[in-house]
2 protein chains.
Amino acid sequence: MRTRVTIRDVAKKAGVSISTVSRVLSPQANDYMREETRGKVLGAIKELDYRPDIRAQSLRGRGTRIVGLVMPDALNPFYQELAYVLEEVCYREKYGLLVCSSKNSITRELTYIDLLESQKVDGIIISTVGLKEIKLNNLVKKGIPIILMDRDVPGANIPVMFTNNYLGGCQATQHLIDLGHKKIACIAGSMNTLSSINRLKGYTDTLQKNGLEVDKKLIKEGKLIYKDGYKLMKELARKSSDGFTALFCLNDLVALGAMRAIQEDGKNIPSDYSIVGFDNISLSSVSNPPLTTIAQPIKQIAQGAFRTIKRWKKQGLLKKEHRFWDTKLIVRKSCKEIN
Amino acid sequence: MRTRVTIRDVAKKAGVSISTVSRVLSPQANDYMREETRGKVLGAIKELDYRPDIRAQSLRGRGTRIVGLVMPDALNPFYQELAYVLEEVCYREKYGLLVCSSKNSITRELTYIDLLESQKVDGIIISTVGLKEIKLNNLVKKGIPIILMDRDVPGANIPVMFTNNYLGGCQATQHLIDLGHKKIACIAGSMNTLSSINRLKGYTDTLQKNGLEVDKKLIKEGKLIYKDGYKLMKELARKSSDGFTALFCLNDLVALGAMRAIQEDGKNIPSDYSIVGFDNISLSSVSNPPLTTIAQPIKQIAQGAFRTIKRWKKQGLLKKEHRFWDTKLIVRKSCKEIN
DNA sequence: ACGATATCTGATATCGTTATTATATTATGC
DNA sequence: GCATAATATAATAACGATATCAGATATCGT
């Protein structure tokens, strides 16, 4: 087993000093070098198939070229797709992405933060379950850029990337109203996250703005998973006396669960119920019928988070940076006009 | 902005030398230490909220505690679930998982290998698109454990973790035969991967073993994605003169696409067609009807790969290690007995 | 009380790189 | 031809940790 190739081996083979090799690897300002020397070095690098050791580089003040992504639920297609686009962003800049799922456990989240801290990652992007202000500020003090997604932590001076969930809730509801629906039910998340609260507020505000009544009986709370969508839709349908004709689901998974429940009962979508989801997960475009939904700006969030990290590393944290990106209505086949 | 906390700061605060701190951090054999001293050090560590720098540790010969996962398609639920269980395995051992999706591009794959090499990861787990023997052996010579999944590369002395795809094909087909089906169609992948070939071979062999004819017209090839499942099922149904009653799909995504096509044509599952998929992705348990499928041993693959890496690092590569794990039939509601 | 051994801690070289500083070589101006 | 500047390379000290070796103190037997 040949041993590891280091900058020393390259220098030896090229017949120059390690400084010269380093100069080829990472040129400084005002660095002169003969083309011939540079050629010799590049030749040796190629011949030995040498790769600089990022750990060693980073010890000398360069970054580790790793960012950590901490998400609460790696089985949720929305986060999977977020991870996917973030990976793409990282790839383009030759960064590695370390994915961590906290599984909604605070302990796990903290353990992962520890790990990322030890790895001295260049930044952490997190949709946090339970990080507190002090912990966050400590991380910042230690020089680790950290970006929040979707959830702000009051008192912490940390950038946050937000989806404009309120707008999404409005868009979904308005779409249904525009199609003539007057009784619109809603399957919501448990009301402990800001994103759920804002989507629901978009829903209720839009109803009221259009002179429609908000009927508490038509709002069901649960976890934003397939199973709960199924279960809660069954509950809603049981009291069909309420006679709603449309349904806004706080995410696509829930919408798909609800669709399943509806179809199981022999009803049709969109003839009997119009449905709008949220997230625009890839599944929603191949469901039966394809689901009308609200697309989250995941590309913008991923790019925004990554760029903020790079800027932060370079120039320090400038000011509290809260960024909102707008959602977009994606019309497919799960809604129908009525009168 | 407070600067980074290092072992030096801890030593200073505890009033000991950095050697002593290091001894607390990573005890050697025959290391003695007074409880009092150890306590002082631990106190200082806690007070300063110190985390050892893995980069520096790894420079001194310890690992980086990172493994890289390279997969061809991060949008395929099967790989997503594989990544999920692998992350769990890593988490338990306090390793980080760097996920890389090659998107079926050889260039991307190579770029990622470069990145992982530079990061000096402790191991690479890869379902490769196009790595060649030389490249692999070079990695090994450089001391980077690499584990293949699903695809062997002839000539390379690299451990491979296999799903027993042949068995899976047999189990699926036998299940349908046991239910009385005589004409069983198959939607296969494009025949350039070993796993597809073996699943299909399981299918044909099992048909023959049971005295049934292999009808080429009932075998459709395509990509193993939802869309192709939909499309190919439509093609199969068009020539309904062939009169098949059951369908084996080479993965669940394809099966779900086929189900959609069947239901769109007003037919029922399992009354009109019995269907078996492959992979047991989480989606398959919530489809309508829930899909009978073949579960891949992803936990075993993930654990096997990880453990092999650790063993390799410790003891070197012992011998060519090809491991097969068996699939398992998961019976749900997409198949029906006929006579 | 002395040396031998056991127990505890510190000084230092090292890992693979880069940044700073120093040194060597060539070119330029007068 | 000689000082000066411009160009090109090398020597060396860090970065943050660990492992080796050496030094200091405590314990013990005789």
Side-chain angles (χ1 to χ4, degrees), chain A residues 3-42 44-45 48-65 117-122 142-144, chain B residues 2-42 44-45 48-65 117-122 142-144 313:
Chain A
T3 181
R4 191 156 36 206
V5 180
T6 79
I7 199 172
R8 229 168 299 271
D9 304 313
V10 175
K12 201 168 181 183
K13 169 141 263 164
V16 299
S17 75
I18 57 173
S19 320
T20 303
V21 178
S22 171
R23 213 174 269 107
V24 173
L25 257 43
S26 35
Q28 307 288 103
N30 285 14
D31 252 7
Y32 305 99
M33 173 166 286
R34 264 191 305 180
E35 262 320 308
E36 189 198 332
T37 315
R38 153 183 239 84
K40 275 194 299 184
V41 172
L42 288 175
I45 287 177
L48 294 172
D49 198 31
Y50 163 77
R51 304 273 181 290
D53 186 327
I54 295 190
R55 299 167 306 168
Q57 290 181 326
S58 76
L59 259 193
R60 287 301 323 246
R62 313 208 150 192
T64 47
R65 301 194 83 77
E117 229 183 306
S118 267
Q119 290 287 359
K120 297 289 186 283
V121 295
D122 287 339
K142 287 195 197 161
I144 303 185
Chain B
R2 197 210 306 166
T3 181
R4 192 154 37 204
V5 180
T6 78
I7 198 173
R8 230 168 298 272
D9 305 313
V10 176
K12 202 167 180 183
K13 170 139 263 165
V16 299
S17 75
I18 57 174
S19 319
T20 303
V21 178
S22 171
R23 216 172 264 113
V24 173
L25 257 42
S26 34
Q28 307 289 104
N30 286 14
D31 251 7
Y32 305 97
M33 174 166 289
R34 262 192 306 178
E35 262 319 307
E36 189 198 330
T37 314
R38 153 184 240 82
K40 275 195 299 184
V41 171
L42 288 175
I45 287 177
L48 294 172
D49 198 30
Y50 163 76
R51 304 272 181 292
D53 186 327
I54 294 190
R55 301 167 305 171
Q57 291 181 325
S58 76
L59 261 191
R60 287 300 324 242
R62 314 208 150 193
T64 47
R65 302 194 82 78
E117 229 183 305
S118 267
Q119 291 286 358
K120 297 286 187 281
V121 295
D122 287 339
K142 287 195 198 160
I144 303 185
K313 270 274 180 192

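Per chain, numbering begins at 1; letters A, B, ... match sequence-line order. Here the structure is a predicted model, which means the values were calculated and not measured.
Closest heavy-atom contact between B:G63 and B:D122: CA-OD1, 3.2 Å. Of all the heavy atoms in A:V5 and A:Y50, the pair that sits closest is O-CD1, 3.6 Å. Shown here for A:S22 and A:I7, the closest heavy-atom pair between the two residues is N-CD1, 3.8 Å.
Here CZ of B:R23 is found 11.0 Å from CZ of B:R38. Values are rounded to the nearest 0.5 Å. Considering CD of A:Q119 and CD1 of A:I144, their distance stands at 11.0 Å, rounded to 0.5 Å.
At most 12 heavy atoms of other shown residues, nucleotides or ligands fall within 6.0 angstrom of atom NZ in A:K12.
Residue B:Y32 places no side-chain N or O under 4.0 Å from the OP1 or OP2 atom of C:dC8.
A salt bridge links B:K142 with A:D49: the closest approach of a Lys/Arg side-chain nitrogen to an acidic carboxylate oxygen falls below 4.0 angstrom.
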Seminar exercise, completed: Readout for nucleotides 15-28 of chain C: B = base within 4.0 Å of protein heavy atom, S = sugar-phosphate only, - = neither; 5' to 3' it is BBBBS---------
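The shortest distance between side-chain heavy atoms of B:L25 and B:I45 falls below 4.5 Å. Using a 4.5 Å heavy-atom cutoff, the side chains of A:Q57 and A:R65 are not in contact.
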Exercise. Starting at the 5' end of DNA chain D, what dot-bracket string do you get if Watson-Crick and G-U pairs under 3.5 Å are bracketed, crossing pairs use [ ], other-strand pairs use | and unpaired bases use dots?
Worked result: ||||||||||||||||||||||||||||||
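Looking at B:R55, its side chain does come within 3.5 Å of a backbone N or O of A:S58 through a donor-acceptor pair.
Boundaries of the chain A contact region on DNA chain D are D:dT7 to D:dG16, first to last in 5' to 3' order (nucleotide atom under 4.0 Å from a heavy atom).
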